[in-house]
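As structure tokens, the structure follows; a few thoughts come after it.
Order of the sequence lines sets the chain letters (A, B, ...), proteins ahead of strands, with each chain counted from 1. Excluded from the calculations below are hydrogen atoms, water molecules and symmetry mates; all remaining heavy atoms, backbone and side chain alike, are included.
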Number of protein chains: 2
Amino acid sequence: MGITQPETVPEPKYWHLKTVLSEALDSEFAVGEILPNERELAARFGVARATLRQALEQLELEGRLQRRRGVGTTVAPPRTVVAVGDGERSWPGGGPEIWQPVDSAEAQPPHAVARALGVPSDDPVHVVRRIRRSHGQPVAAELLYVPAATLPATAALGTLAGAARARAVLRELQRLPLDGQDRSVELGSARADDAKKLDRLPGAPVLLVTTRYFAGGGTAAVSVATYRADTCRLTFGDTGGPGMQLLAG
Amino acid sequence: MGITQPETVPEPKYWHLKTVLSEALDSEFAVGEILPNERELAARFGVARATLRQALEQLELEGRLQRRRGVGTTVAPPRTVVAVGDGERSWPGGGPEIWQPVDSAEAQPPHAVARALGVPSDDPVHVVRRIRRSHGQPVAAELLYVPAATLPATAALGTLAGAARARAVLRELQRLPLDGQDRSVELGSARADDAKKLDRLPGAPVLLVTTRYFAGGGTAAVSVATYRADTCRLTFGDTGGPGMQLLAG
DNA sequence: CAGTGGTCTAGACCACCAT
DNA sequence: TGGTGGTCTAGACCACTGT
């Protein structure tokens, strides 16, 4: 018996398909262009529709494609670069108005949040909902959890509702001295309500950015921001060098 | 005709399945425990295997499950918290040895990297490969791109290979004054070689952390680190407050 | 309404792992 | 070798979008 090749492992069809499609997107399609529909593409490549969809799903995950039910599959623009924090410690709602307050109410936080806040899980906290847009498109939805104990003047909130109440909570936060903050990023899937706000289907991949705000020797607030993973690239508090703007293009 | 319910939209089966399984994982299974196999589970829930798999895929994406071919599906431990950078600007390879150099060679960078470095795409650069482990498991693979023009003493590399060469490149970097850096995170899917290093299948979801290092008025190096998205939660340069360790548990 | 992507089925075969 | 998850098929129906 002669020496043979190490038996080239057969590449899965959907993986090969993804490569082919990816190259075609680079060379033959413009941003925003509509691809042939899935049944057509599957036939053209000689595979089942499910197999084609596996390739499309990956490309959508990588931000190369955008699929909308009832409409079609389009070539996605490059990911939107969104800055998360500015490297400075600051309360949410302080700087320029990137986030748009939606409403606020009292509710019981999820267990993980309650643990981070150091409050009992059945203790209601203020929940502020905000949404972030970029170029008109919603890119993130945020839930900000603030224990009643954190706010100096809770009483004034009683008469407010909706966005006005949200703004009031954020305004109260600014009065506290902020000791520091803490940020983490992980992959998640969109809950039904976030998905709707982000114009996606439930379960869509999202980047979860969790920020803990420290004040008065404890965790004064926790923010969980849900960013669309398909369309966003997150940048973080940069220790800026010279000419960073020039290199951005 | 009477006033009717707004026709409750039927929740997809896989979505409901995911919820049921998720609750079962919380209450009835311990970390590391092996679930019944997919055919068994599908039968038990009265759905096709493909539908069950859709639910399992989501749970794996969220870091709740771990699936290994030929072995089975196990309950995953909480995500590993990995620190990305320390808030200080520093060259890679400077601090404590979190990353383990693998090898180094000259190669043509991907277009996107070449653009960031400001060099022609067909200009070979030094590519250093490193791997990062946490609790014995590989969590990230990195490609560090360094243009020849960045390094003061390239000649000495000629006789070196493998990890020794990688260490030499990193050592040379330390001699340069670092002006600043720049970091972004986005979702991607693992290339075949990275997937193998991370003990995953190609296409597995990963968090791509891109760092640009600025020196001498330009981009002196670019690092692209590929973190397992299913098992990692990334934390970033914290503007630390008091007691952050205490709250970690 | 016609056309799109999203969900679901009931099979089949394959690659991998432990035994 | 037997059992696991991974890939693939060829259908079907549903939910949503635009006209």
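- Evaluation of the salt bridge (Lys or Arg N to Asp or Glu O under 4.0 Å) rule for A/E33 yields no partner, not counting sequence neighbours.
- One interatomic measurement links the two molecules: CG of B/L17 to C1' of C/dT7, which rounds to 13 Å at whole-angstrom precision.
- Here the C1' atom of nucleotide D/dG2 and the CD atom of B/E40 are 16 Å apart, to the nearest Å.
- When the nucleotides D/dC8, C/dT7, C/dT9 are ranked by their closest atom to the side chain of B/Q54, C/dT7 comes out on top.
- Legend: salt bridge (Lys or Arg N to Asp or Glu O under 4.0 Å) pairs involving residues 42-56 of chain B, not counting sequence neighbours, sorted by first then second residue: B/E38-B/R49, B/E38-B/R53, B/E40-B/R44, B/R53-B/E57.
- A search for salt bridge (Lys or Arg N to Asp or Glu O under 4.0 Å) contacts involving A/R191 returns A/D193, A/D194, not counting sequence neighbours.
- The NZ-P distance, from A/K13 to C/dA12, rounds to 18 Å in whole Å.
- Atom pair B/Q58:CD and C/dC8:P shows a separation of 11 Å (rounding to whole Å applied).
- For the residue pair A/R79 and A/T231, no side-chain donor N or O sits within less than 3.5 Å of a side-chain acceptor on the partner.
- Protein atom CD of B/E11 is 15 Å distant from nucleotide atom C1' of C/dC8, rounded to whole Å.
- The distance between atom CG of B/L59 and atom C1' of D/dG5, rounded to the nearest whole Å, is 16 Å.
- As a whole-Å value, the separation of B/W15 CH2 from D/dC14 C1' is 18 Å.
- One can place CD of B/Q66 at 14 Å from C1' of D/dG5, the figure rounded to the nearest angstrom.
- Residue B/T51 places at least one side-chain N or O closer than 4.0 Å to OP1 or OP2 of C/dT9.
- Here salt bridge (Lys or Arg N to Asp or Glu O under 4.0 Å) pairs that include residues 131-140 of chain B, with residues two or more places apart or in two chains, number zero.
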Counting primed atoms, P, OP1 and OP2 as sugar-phosphate and everything else as base, the B/S/- map of nucleotides 1-6 of chain C against protein heavy atoms under 4.0 Å is --BBBB

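- Annotation: salt bridge (Lys or Arg N to Asp or Glu O under 4.0 Å) contacts of B/E60 (sequence neighbours excluded): B/R67, B/R200.
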